[in-house]
Undergrad: 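Once you've had a glance at the structure underneath, I'll fire off some questions.
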Amino acid sequence: MQIRRAKRQELSDRGMDPYPVQLPITHTIATIREKYGHLQADDHSGDEVGIVGRVIFSRNTGKLCFATLRAGDGTEIQAMLSLDKVGEQALEGWKELVDLGDQVFVRGEVISSRRGELSVLADEWLMAAKALRPLPVAHKPLSEEARVRQRYVDLIVRPEAARIARLRVDVVAGLRQELTSRGYLEIETPMLQTQHGGAAARPFVTHSNALDIDLFLRIAPELFLKRAVVGGLERVFEINRNFRNEGVDSSHSPEFAMLEFYQAFADYQEMATITRELIQEVARSATGSEIVTRTDGTLIDLSGEWNRIDLYESVSTALGEQITPDTTRGHLESLCDAAGISVAPTWVPGKLVEELFEHHVLPTLDNPTFVMDYPVDTSPLVRAHRTKPGVVEKWDLYVGGVEQATGYSELVDPVIQRERLTEQAALAARGDDEAMRVDEDFLRALEHGMPPSGGVGVGIDRLLMNLTGYGIRETILFPLVKPER
RNA sequence: GGGUCGCUAGCUCAAUGGUAGAGCUGCGGACUUUUAAUCCGUAGGUUCGGGGUUCGAGCCCCCGGCGACCCA
């Protein structure tokens, strides 16, 4: 660092700005690769260009120096500096003052070297941005912690990191385009809420000085998107961050991106079909195929129709006995004990059925599967099933062993919704800090008449995980990490 | 929340309880066709922090920090 600081000063002393405000750039590296890729070994194009790139490798051989320059998009080109082209002073300056990690400008002719490497043979070089810190060795992988803490370094030395960042952009853009083309409006709803709702989760709490009230970072946008549907915005979606004050592991981040979309006059079956089409479309547009190869070599086949199985039936089959919404909590608890599932006293019977599902059925699902018809006591925002008693019209979509999306026929009856939220508030009063609260303004909106609607939530980070096979911290550019020291 | 493993030079990693090391990076030198260039030379350390055991601790014990994985 001290040596590089001195080099920075030396550049200034020689009249070369280490951080010039403008450079006579004429081409991107990608453009040159495209335009001159046909050059044969030792060909000279006769065309002069000005390029910038970060020095990734440097090979100085006395009177002829080579450097590999990499642009932000990951494309690379070789720069060559020869004594007879740039002169003794410029060549000495290059050797003395340019380090790995520096961004440099090179003006010169596009050629192919004797070994056939596409190169810019410099007539002149300038510093574009002097790096004071050394780049980690480019041929050894950074530790996972270093990659996450210093993503800017990770992005420079590991093209795969940049690829994932770009894939995320493509996935989000694909979802947006597909929904927009289906007539959905993208709206923005509050992140700071006076009441949290729409999911079972512990919220982050903050405080408004101006209003002197506590505010919650949203755990879900659901209740506001539904208000929009009440108001006649019949197809709406939002892609943005939710915040949950809960555990952090390889599939959970305290802030995570979520797509929620609602459609009036659709039910959960129709929403399942739309969700499948959305994910298939995004897989095609972002990765080129509906059969995704993950980094560990395993395949996820997203093509065709996806299975729809019944939650209670699948659990019953796995256990070899009939489990229904009427099965007693005591019996469910003994089944959980037998499976080694530890049960919290606050858990309702439906929660125990879901646990049994995750333990006995989930590991057997490999291809994308919609699990249909959930217990009513864990789903306070979903309407009762039209024919099956004790369950609601809700599905969870499992892909690659993780919950990828959830969809409802929304509960729009304001009277029943009030009853359900009142039950939730009672649970909260008994110490369940994930239970929902009674949101009077939301109920007032429902009382104005919400059309029968379907709604879906899709985890963006999880979608990226399923399309790449990476953990959540690789799919989020700057995940939350504990401060150093 | 529980368990396991890890933390040593800028980076990636070694080191029976007995003088802290290698490769790459860096620095100095040679080299006009190199691809992680090569060759010669050289520098580089609060072994995550604190405490304990010991003649002696990177290593053993305790507490704490940070991370990874598994389980709930």
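Throughout, protein chains are lettered first and strands after them, A, B, ... in sequence-line order, and every chain is numbered starting at 1. Quantities reported herein were computed from a predicted structural model and do not represent experimental measurements.
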Undergrad: Distance between the C1' atoms of B:G67 and B:U8, in whole angstroms?
TA: 16 Å
Undergrad: Say you pick atom P in B:A37 and the same atom in B:A15; how far apart are they, in whole Å?
TA: 29 Å
Undergrad: With a 4.0 Å cut-off on heavy atoms, is A:Ser119 in touch with a base, just the backbone sugar-phosphate, or nothing at all?
TA: nothing
Undergrad: Could you check A:Lys7 against A:Phe66 and say which one's nearest nucleotide on RNA chain B is further toward the 5' end?
TA: A:Lys7
Undergrad: When you measure from the side-chain N and O atoms of A:Lys95 to the phosphate of B:G28, is any distance below 4.0 Å, counting only OP1 and OP2?
TA: no
Undergrad: Between the main-chain N or O of A:Thr369 and the side-chain N or O of A:Asn307, is there a donor-acceptor pair closer than 3.5 Å?
TA: no
Undergrad: What's the closest nucleotide to the side chain of A:Leu83 if the choices are B:A37, B:U32, B:G26?
TA: B:U32
Undergrad: According to the Watson-Crick and G-U wobble definitions, with both distances under 3.5 Å, which nucleotide is paired to B:C11?
TA: B:G23
Undergrad: Do the numbers put A:Lys394 on top of the ring of A:Tyr408, so that NZ or CZ is under 6.0 Å from the six-membered ring centre and no more than 45° off the axis?
TA: no
Undergrad: For residues 336-346 of chain A, pull every pair meeting salt bridge (Lys or Arg N to Asp or Glu O under 4.0 Å), keeping only residues two or more places apart or in separate chains.
TA: none
Undergrad: Using heavy atoms to find the nearest nucleotide of RNA chain B for A:Asp42 and A:Asp99 separately, return the residue whose nucleotide is more 5′.
TA: A:Asp99
Undergrad: Could you check which nucleotide pairs with B:G1 in any of the strands shown, counting Watson-Crick or G-U wobble with both distances under 3.5 Å?
TA: B:C71
Undergrad: Do A:Tyr19 and A:Gln103 have side-chain N/O donor and acceptor atoms under 3.5 Å apart?
TA: no
Undergrad: Pick the C1' atom in B:U54 and in B:G18, then give their distance to the nearest Å.
TA: 12 Å
Undergrad: From CG of A:Leu480 over to P of B:G67, roughly how many Å is that when rounded to an integer?
TA: 9 Å
Undergrad: The side chain of A:Met80 is closest to which nucleotide in this list: B:U32, B:U35, B:U33?
TA: B:U33
Undergrad: State the pairing partner of B:U46; accept Watson-Crick or G-U wobble contacts with both distances under 3.5 Å, and report none otherwise.
TA: none
Undergrad: Once you round it to whole Å, what is the distance between P of B:C66 and CD of A:Gln150?
TA: 18 Å
Undergrad: Can you tell me the distance, in whole Å, between the CZ atom of A:Phe57 and the C1' atom of B:A37?
TA: 11 Å
Undergrad: Taking atom P of B:C71 as reference, at what distance in whole Å does atom NE2 of A:His252 sit?
TA: 14 Å
Undergrad: Using the C1' atom as the reference point in each nucleotide, state the distance between B:C40 and B:G6 in Å, no decimals.
TA: 38 Å
Undergrad: Taking B:G50 as the reference, what is the distance to B:G44 when you measure between their C1' atoms (whole Å, please)?
TA: 27 Å
Undergrad: What's the closest nucleotide to the A:Arg149 side chain, out of B:A37, B:U25, B:C66?
TA: B:C66
Undergrad: For B:G6, which nucleotide is its Watson-Crick or G-U wobble mate, given both distances must be under 3.5 Å?
TA: B:C66
Undergrad: Return the nucleotide paired to B:U32: Watson-Crick means purine N1 to pyrimidine N3 with N6-O4 or O6-N4, wobble means G-U with N1-O2 and O6-N3, both under 3.5 Å.
TA: none
Undergrad: Of the nucleotides B:G26, B:U32, B:U35, which has the atom closest to the A:Ile3 side chain?
TA: B:G26
Undergrad: Taking the six-membered ring for Trp and the single ring otherwise, decide whether the centroids of A:Tyr152 and A:Phe478 are under 6.0 Å apart.
TA: no
Undergrad: What pairs meet the ring-ring contact (aromatic ring centres under 6.0 Å, His included) rule with one or both residues in residues 65-121 of chain A, with sequence neighbours excluded?
TA: A:Trp94-A:Trp125
Undergrad: Take A:Tyr36 and A:Asp43 through the side-chain hydrogen bond (donor to acceptor under 3.5 Å, both in side chains) test and state the conclusion after the steps.
TA: CA-CA 10 Å; A:Tyr36 298 97; A:Asp43 270 0; over 6 Å; no
Undergrad: Take the protein atom CD of A:Gln78 and the nucleotide atom P of B:A36, then report the distance between them rounded to whole Å.
TA: 11 Å
Undergrad: Within the pair A:Arg473 and B:A68, is there a side-chain N or O less than 4.0 Å away from OP1 or OP2?
TA: yes
Undergrad: Whole-Å distance between B:U12 P and A:Arg158 CZ?
TA: 13 Å
Undergrad: Report the distance from atom NZ of A:Lys85 to atom P of B:U33, rounded to the nearest whole Å.
TA: 16 Å
Undergrad: In whole angstrom, what separates A:Ile111's CD1 from B:U33's C1'?
TA: 9 Å
Undergrad: B:G1 and B:C55: how far apart are their C1' atoms, nearest whole angstrom?
TA: 44 Å
Undergrad: Using the P atom as the reference point in each nucleotide, state the distance between B:U33 and B:U46 in Å, no decimals.
TA: 42 Å
Undergrad: Please report the distance separating the P of B:C24 from the corresponding atom of B:U35, rounded so that it comes out in whole Å.
TA: 15 Å
